Amino acid sequence: MQWEDKQTYLEAGSPSHFRFDETLVFLKRSDQEILHLVKGRTVFKALRLEDEVVLFSITEEDGKLYIQFLNGKFNKAIKDFVADYVTKWFDLERDVEPFYQLAQQDPYLKDLVKTYSGLRVVGIPDLFEAFVWAIAGQQINLTFAYTLKRRFVQRFGEKLDWEGETYWIFPQPAVIADVNIEIVRDLQFSSRKAEYVLDIAKKMRDGTLSLQELEEKSYPELKKALLSIRGIGAWTADYVLMKCFQMPNAFPIADAGIHQALKQQLSWKPTVEEIANIAKNWAGWEAYATIFLWRSLYE
DNA sequence: CACCAGGCAAACC
DNA sequence: GGTTTGCATGGT
């Protein structure tokens with residue numbers, strides 16, 4: 001992904017099989033989302049890197065993507081960081097042509113890839129955020145999961161006020177590592193989930209768990225490493241591999257949403273074995289099959 | 001009022 | 001060892 005430096009903004013050609021408007025649909029799916037703001041066809045987001053907070057926007061026009069820096073901070077380190085973040089966030093670097101090839105021949109995907117053509121994985125590049133979101137969302141409905149995330153961010157995160165809007169930034173592990181667990185429980189995290197989140201925050205603060213170290217590993221090694229962490233089971237491991245590590249073969253097969261989406265096509269609820277069988281045809285692209293199935297659930 | 005949600009670990013046979 | 005249970009609350 002080549003982002004061209006235009007001083008106060010970056011520009012890149014929109015990749016093929018990418019529809020910015022599908023990304024926007026995903027980003028707008030909850031009105032409780034406070035980690036970004038969508039206005040019209042533009043996304044606004046704030047990020048912290050070291051000792052600076054950067055506010056930027058992303059939009060698309062005439063087949064080109066633009067990242068605009070809004071609060072006067074755009075040195076090279078910031079530009080590189082934000083360009084990398086956005087590239088991962090929207091999975092822009094992936095050649096998804098092979099997925100479309102197989103999906104067009106697949107009975108469960110062929111209509112979906114036509115209807116939602118250009119949909120990509122919208123990731124969670126921040127590892128700690130990915131863990132917290134996945135753990136918070138275990139075994140509860142998405143509405144309540146968003147409520148938990150919003151409370152967590154508003155209680156522990158930092159914010160940037162800019163031209164009448166508030167931009168929240170997800171808290172760093174070091175902040176969460178030292179909070180009283182009772183405060184997290186008061187946000188209506190279960191005791192277990194609060195423990196998981198604090199354990200992970202401590203590991204990340206202490207450096208015994210880090211993105212750099214994990215990035216070196218292959219899929220099976222990485223999954224094994226994640227499964228050894230308390231609170232991370234098979235579903236969460238694959239969810240994080242898909243959303244943070246951008247692994248197209250990650251597949252949270254026990255996911256309730258996958259089961260529900262396939263149930264609508266089959267008119268009965270498939271077992272995990274039946275899904276594994278169906279998914280043989282998706283080899284290497286299970287994460288992409290998953291997001292199209294999820295997409296079919298919100299009309 | 002049941003039962004299910006983008007599950008998991010600990011307790012229990 | 002495989003199976004059951006508690007967690008938290010909102011939606012249907």
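None of the values given here were measured: they were computed from a predicted structure. In what follows, chains are A, B, ... by sequence order, proteins preceding strands, each numbered from 1.
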Query raised in the report: Who passes ring pair (Phe, Tyr, Trp, His ring centres under 6.0 Å) against Phe245(A), sequence neighbours left out?
Result: none
Query raised in the report: To the nearest Å, how far apart are Phe189(A) CZ and dC8(B) C1'?
Result: 15 Å
Report task. Output all residues satisfying side-chain hydrogen bond (donor to acceptor under 3.5 Å, both in side chains) with Ser57(A), sequence neighbours left out; order by chain, then residue number. Result -> none
Report task. Supply the members, apart from Leu55(A), of the Ile/Leu/Val/Met/Phe/Trp/Tyr cluster built from side-chain contacts under 4.5 Å; use none for a lone residue. Result -> Leu37(A), Phe44(A), Val53(A), Leu70(A), Leu160(A), Trp162(A), Tyr167(A), Ile169(A)
Query raised in the report: With under 30° as parallel and over 60° as perpendicular, where do the rings of Phe292(A) and Tyr288(A) fit, or are they tilted in between?
Result: tilted
Query raised in the report: Near DNA chain C, under 4.0 Å by heavy atom, which residues of residues 122-140 of chain A?
Result: Gln139(A), Ile140(A)
Query raised in the report: Taking the side chain of Ser190(A) as heavy atoms from C-beta outward, which of dC7(C), dG7(B), dT9(C) is closest to it?
Result: dC7(C)
Could I get a table of every N or O pair under 3.5 Å where one atom is in the protein and the other is in nucleotides 9-13 of chain B?
| from | atom 1 | to | atom 2 | distance (Å) |
| --- | --- | --- | --- | --- |
| dA9(B) | OP1 | Gly231(A) | N | 2.8 |
| dA9(B) | OP1 | Ile232(A) | N | 3.4 |
| dA9(B) | O4' | Tyr196(A) | OH | 3.4 |
| dA10(B) | OP1 | Arg230(A) | NE | 3.1 |

Query raised in the report: Any chance the side chains of Arg94(A) and Gln246(A) put a donor and an acceptor closer than 3.5 Å?
Result: no
Query raised in the report: Just checking, is any N or O donor in the side chain of Gln138(A) or Thr236(A) under 3.5 Å from an acceptor N or O on the other one?
Result: yes
Query - Of residues 141-154 of chain A, the positions that come close to DNA chain B - non-hydrogen atoms, cut-off under 4.0 Å - result: Asn141(A), Leu142(A)
**Report entry** Integer-rounded Å distance: dG6(C) C1' and Arg185(A) CZ
**Finding:** 13 Å
Query raised in the report: Hey, are Trp285(A) and Asn249(A) close enough side-chain-wise for a donor-acceptor pair under 3.5 Å?
Result: no
Query raised in the report: Is the Phe152(A) to Phe189(A) ring centre distance short of 6.0 Å?
Result: yes
Query raised in the report: Looking only at side chains, do Trp3(A) and Thr87(A) share a donor and an acceptor under 3.5 Å apart?
Result: yes
Query raised in the report: Going through the checks in order, is the side chain to side chain donor-acceptor pair (under 3.5 Å) test met by Tyr85(A) and Asp80(A)?
Result: CA-CA 8 Å; Tyr85(A) 187 96; Asp80(A) 288 349; over 6 Å; no
Query raised in the report: Please give, in whole Å, the distance from dA5(B) P to Lys193(A) NZ?
Result: 14 Å
Query - Rounded interatomic separation in angstrom, taking CG from Leu226(A) and C1' from dC8(B) - result: 15 Å
**Report entry** Side chain His36(A), main chain Val43(A), donor-acceptor under 3.5 Å
**Finding:** no
Report task. Remember a base hit wins even if backbone is also touched, and classify Thr236(A) as base, sugar-phosphate or nothing at under 4.0 Å, heavy atoms. Result -> sugar-phosphate
**Report entry** Between dC3(B) and dT4(C) - P atom distance, rounded Å
**Finding:** 16 Å
